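Computed from a predicted model, the values in this text were never measured in an experiment. Side chains are part of it too, since the values below use all heavy atoms of this structure and drop only hydrogens, waters and symmetry mates. Both counts, for ligands and for their atoms, begin at 1 and track the order of listing.
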Amino acid sequence: MNIARLKSEPEIFYSLQGEGARCGSPAVFLRLAGCNLHCSWCDTRYSWLPGCECSEEEVATRILSLNSPGLVITGGEPLLQTAALEKLLTLLPEHLFVEVETNGTLPPTPALVQRVNQWNVSPKLPHAGNNTAVAICPEVLASFASTDRAWFKFVVRGEQDWPAIAALNLPQHRIILMPCATNRAELEAARPAVADMCLQHRVRLGERMHIVLWNDKKGV
Ligand code: SF4
């Protein structure tokens with residue numbers, strides 16, 4: 001499988017989940033290389049490039065050596081490597097809580113639906129600068145919603161983003177709004193407007209705890 005390369009090493013590290021419904025939970029992070037979108041504010045552009053080719057056995061050994069109760073598979077877009085992901089997950093114990101971060105453009109395979117404990121689906125709104133026909137796939141989002149294991153995280157800039165979210169008809173209790181920010185100063189400035197949106201539309205406010213803790217540092 002192809003792992004994003006950070007400082008010439010494959011990006012596998014132990015940290016705390018910084019976003020979503022399990023924010024604060026300890027987890028190993030595995031960042032896969034390659035993405036089918038190119039968001040203007042992407043904070044992991046290096047993951048767009050070809051990374052390190054590693055066997056699934058090597059990756060499983062590294063994950064297990066970090067002795068974590070959880071695994072967060074992120075990218076890039078992890079579902080570009082579904083066959084490798086399916087194989088990797090057969091090498092890991094069932095008690096490991098597995099989350100997958102995805103942009104929601106590629107459907108999960110049945111084997112992944114069966115094993116993945118939580119999908120963190122983050123559809124990209126028009127302000128990310130992608131072709132909307134590629135970035136927003138209602139049928140794929142519906143397939144994630146039908147698993148009952150998906151949360152839908154939206155990076156938002158303000159109330160003007162709400163109509164595009166509402167049009168997707170996602171389960172309201174599974175929607176999380178997060179401020180658009182890549183560092184602490186941007187996060188502090190953006191949070192109040194997003195809190196107002198959450199109150200107005202009765203959805204959850206998502207923290208970006210890795211920015212609060214580590215600002216814009218990578219690999220943490
Ligand atoms: S989908 Fe995620 S990894 Fe891909 S460009 Fe957008 S923010 Fe970056």
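Under a 4.0 Å criterion applied to the non-hydrogen atoms of Trp48, ligand 1 contributes the atoms 5 (S), 8 (Fe). Within the listing of ligand 1, atoms 1 (S) sit less than 4.0 angstrom from a heavy atom of Asn103.
Here the heavy atom of the protein found nearest to atom 6 (Fe) of ligand 1 is Cys39 SG, 2.4 Å. Of all protein heavy atoms, the one lying nearest to atom 3 (S) of ligand 1 is Gly76 N, 3.4 Å. For atom 8 (Fe) of ligand 1, the nearest protein heavy atom (residue, atom name, distance) is Cys42 SG, 2.3 Å. In this structure, atom 4 (Fe) of ligand 1 lies nearest to the protein heavy atom Cys35 SG, 2.3 Å.
The closest side-chain donor-acceptor pair between Glu101 and Ser122, if any, does not fall under 3.5 angstrom. Counted by atom type alone, Asn120 and Glu99 present one or more donor-acceptor pairs between their side chains at under 3.5 Å.
Of the charged side-chain nitrogens involved, none lies within less than 4.0 Å of a carboxylate oxygen, so that Arg115 and Glu94 do not count as a salt-bridged pair. A salt bridge is absent between Glu11 and Arg5: the closest approach of a Lys/Arg side-chain nitrogen to an acidic carboxylate oxygen does not fall below 4.0 angstrom.
Between His127 and Trp41, the ring planes are tilted. Angles from 30° to 60° get that label.
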